[in-house]
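Inspection log for the structure reproduced underneath, given as structure tokens.
Every chain is numbered from 1 and lettered A, B, ... according to where its sequence line falls, protein lines coming before strand lines. Note that the structure is predicted; figures quoted are calculated from it, not measured.
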There are 2 protein chains.
Amino acid sequence: MTNLFENINDINIRKIKRFLRATTITYPKNVNVLSNVNQDDFIAIIDNGSVQFESTDYDGNKSIIETINTGGTFGSLTFPIDNEEISCITKEVTQITYIEYNSITNDEIIKTDSYIIFIKNLIKILSDQVNEKNNRIEILTKKTTRDKILEYFKQQASERGSKSFTIPISFTELANHLSVDRSAMTREISYLKDDGIIKTNGRRITLLY
Amino acid sequence: MTNLFENINDINIRKIKRFLRATTITYPKNVNVLSNVNQDDFIAIIDNGSVQFESTDYDGNKSIIETINTGGTFGSLTFPIDNEEISCITKEVTQITYIEYNSITNDEIIKTDSYIIFIKNLIKILSDQVNEKNNRIEILTKKTTRDKILEYFKQQASERGSKSFTIPISFTELANHLSVDRSAMTREISYLKDDGIIKTNGRRITLLY
DNA sequence: TGTAAAATGTTGCAAATGCAACATTTGTTT
DNA sequence: AAACAAATGTTGCATTTGCAACATTTTACA
């Protein structure tokens, strides 16, 4: 995953942050971060810690949208922060730096060498996000639970370059990612084993085709 | 939808295109555009016409991923163009301009005034894409067809700022967008009418809650 | 280390949904 | 205007799936 300040040295990071009117806030665990954010478009960088985007249904059902860890980025550019159904909860003590999107046209900063690197990093991050979403959509558009599971496994195998891999999340989280019932997913995974299509050992998966 | 060259005059558009080593190609109808694209990262802008991204399953099932019209943008930054399962088909005579992503650091162009506008447009386009995908995911993660339909209608109502709106696609395409069986969707829509939750008149929908 | 919380595994059952196979209407092209 | 293609509407049926309600194992943490 690309870091917003990748390939920029500390001095220039500080310089850029200054020009972009960056503010850094440290939050305790289990706090809703979005509640004290202003109206302007912003980009948030997690310096340390992690947050989880959660949405709450009209009938109170919570679902986890996304988890973002240290180095990760989120912002009003790519997420409707004024949406009351969505909250962004710190999962631990978390430090976040906010930069104002509008200040990226700041004349002074445009002339600095690090600026173009910064912009390229930003573009890279956004592109990666689109790609990630495309992968998720590719899974979710599959009609059956079986095909969703296999599509996820295929993506993992392709990322790791091997038909054998350990999934990086719990099965509970995986069910959430595929948007299927956990127990139905477990059931389908045993069918896949019965049919000789996969082998499993805990979270280690091997594709047999 | 943002155009990549929005707020840039024709002279500067030509200048930028020159610096970014832009090439323009006109394709006939029903041609796979991705087949003759090189390895470098690129951004494609549809000057005129429309294309459709299609994926073909292992057992030959075609599904439409996305339709992009005049002014729209796509590229290897946000889509794996080397994926053999995915093709990009022109739906009519279509003119496309390609720019090389790596040339956006071109020193000469950085100094031009229009450059920052161009970059901001690009960032805006990418952000919009992430937002669009988020909306789609919000729909697809709903468990029931009914909730998928209602989520789509809610998004439409919110975009138009009215509980009464005309959906911009056919019901066949909508079923595809929600990734549900078309006939099952039609059935569920009549239930929604029976339950007094919506009213319909052709593609015009009114939310009654 | 002990205890609570979270993750995992399993199964019955009702409800939802994909699929197939139609009829009918609307739109497009020559 | 005729002919064809695409979109829409409808229904029966088998299958899949969510849901609930458990038991068991693993992990977190005080």
Side-chain angles (χ1 to χ4, degrees), chain A residues 28-30 50 52 54 57 59-64 67 89 91-93 139-152 166-195 198-205, chain B residues 29-30 50 52 54 57 59-64 67 89 91-93 139-152 166-195 197-205:
Chain A
K29 186 178 170 175
N30 285 325
S50 61
Q52 208 163 60
E54 301 174 356
D57 265 35
D59 45 53
N61 290 334
K62 266 189 194 174
S63 72
I64 295 156
T67 305
I89 310 292
K91 300 323 282 178
E92 55 201 295
V93 175
I139 289 170
L140 295 173
T141 51
K142 297 275 185 267
K143 293 269 162 67
T144 64
T145 299
R146 171 173 285 225
D147 282 346
K148 285 179 179 144
I149 295 168
L150 288 177
E151 175 63 30
Y152 177 80
T166 303
I167 62 171
I169 53 178
S170 71
F171 283 103
T172 303
E173 287 169 299
L174 177 57
N176 215 291
H177 187 71
L178 311 186
S179 195
V180 296
D181 182 75
R182 187 191 56 77
S183 67
M185 186 188 78
T186 313
R187 181 168 42 199
E188 196 59 43
I189 287 179
S190 18
Y191 292 160
L192 282 168
K193 288 196 278 190
D194 293 348
D195 293 350
I198 62 170
K199 262 195 320 191
T200 76
N201 180 12
R203 291 183 188 170
R204 180 143 202 97
I205 314 286
Chain B
K29 187 178 171 177
N30 285 325
S50 61
Q52 207 162 60
E54 301 174 355
D57 265 35
D59 45 52
N61 291 334
K62 266 189 194 174
S63 71
I64 295 155
T67 305
I89 310 292
K91 300 324 283 177
E92 55 201 295
V93 175
I139 289 170
L140 294 174
T141 51
K142 296 275 185 271
K143 293 270 161 66
T144 64
T145 299
R146 170 173 286 224
D147 282 347
K148 285 178 179 144
I149 295 167
L150 288 177
E151 175 63 30
Y152 177 80
T166 303
I167 62 170
I169 53 179
S170 71
F171 283 103
T172 303
E173 288 170 298
L174 178 56
N176 215 291
H177 187 71
L178 310 186
S179 195
V180 296
D181 182 75
R182 186 191 57 78
S183 67
M185 187 187 78
T186 313
R187 181 168 42 201
E188 196 60 43
I189 287 179
S190 12
Y191 292 161
L192 282 167
K193 288 195 279 190
D194 293 349
D195 293 350
I197 296 172
I198 63 170
K199 262 195 320 190
T200 77
N201 179 13
R203 292 182 189 170
R204 180 143 203 97
I205 314 287

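Put simply, B:Ser190 has no side-chain N or O that comes within less than 4.0 Å of OP1 or OP2 on D:dG9. The phosphate of C:dT10 has neither OP1 nor OP2 within less than 4.0 Å of any side-chain N or O from A:Thr186. Applying the 4.0 Å criterion to OP1 and OP2 of C:dA6, one finds that A:Ser170 has every side-chain N and O outside that range.
Counting to the nearest Å, the C1' atom of D:dT8 and the CG atom of B:Asn176 are 15 Å from each other. Rounded to whole Å, the distance from CD on A:Gln52 to P on C:dA6 is 12 Å. Separating the CD1 atom of B:Ile189 from the P atom of D:dT10 is a distance of 11 Å, rounded to the nearest angstrom. One atom, CD1 of B:Ile149, and another, C1' of C:dA16, lie 12 Å apart when rounded to the nearest Å. Between B:Phe171 atom CZ and C:dT25 atom P the separation is 17 Å, expressed in whole Å. Remark: P of C:dT8 and NZ of A:Lys193 are 13 Å apart, rounded to the nearest angstrom. The CD1-P distance, from A:Ile205 to C:dT8, rounds to 11 Å in whole Å.
Between the two ends of the helix from C:dT1-D:dA30 to C:dT30-D:dA1, each summarised by a five-pair axis, the helix axis turns through 70° (rounded to 10 degrees).
Listed by chain and number, the residues in a side-chain contact (heavy atoms from CB on, under 4.5 Å) with A:Gln52 are A:Glu54, A:Ile64, A:Thr67, A:Lys91 (sequence neighbours excluded). Checked against salt bridge (charged side-chain N to carboxylate O under 4.0 Å, His left out), B:Asp195 has the following partners two or more places apart in sequence or in another chain: B:Arg146. Among residues two or more places apart in sequence or in another chain, the side-chain contact (heavy atoms from CB on, under 4.5 Å) test is passed with A:Thr141 by A:Ile137, B:Arg136, B:Leu140, B:Ser179. Legend: residues meeting side-chain contact (heavy atoms from CB on, under 4.5 Å) with B:Lys193, ordered by chain and number and at least two apart, are B:Ile189, B:Ile198, B:Thr200.
To the nearest 0.5 angstrom, A:Glu151 atom CD is 10.0 Å from A:Leu178 atom CG. Note that the CZ atom of A:Phe171 and the OG1 atom of A:Thr186 stand 8.0 Å from one another [nearest 0.5 Å]. Between atom CD1 of residue B:Ile169 and atom CG of residue B:Leu174 there is a gap of 5.0 Å, rounded to the nearest 0.5 Å. Summarising the geometry, atom CD1 belonging to A:Ile149 is positioned 10.5 Å from atom CD1 belonging to A:Ile139; distances are rounded to the nearest 0.5 Å. The line from OG1 of B:Thr166 to CZ of B:Arg203 is 10.0 Å long, rounded to the nearest 0.5 Å.
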Check: Can you give one letter per nucleotide of nucleotides 12-30 of chain D, going 5' to 3': B for a protein heavy atom under 4.0 Å from the base, S for sugar-phosphate only, - for none?
Finding: BB---BBBB----------

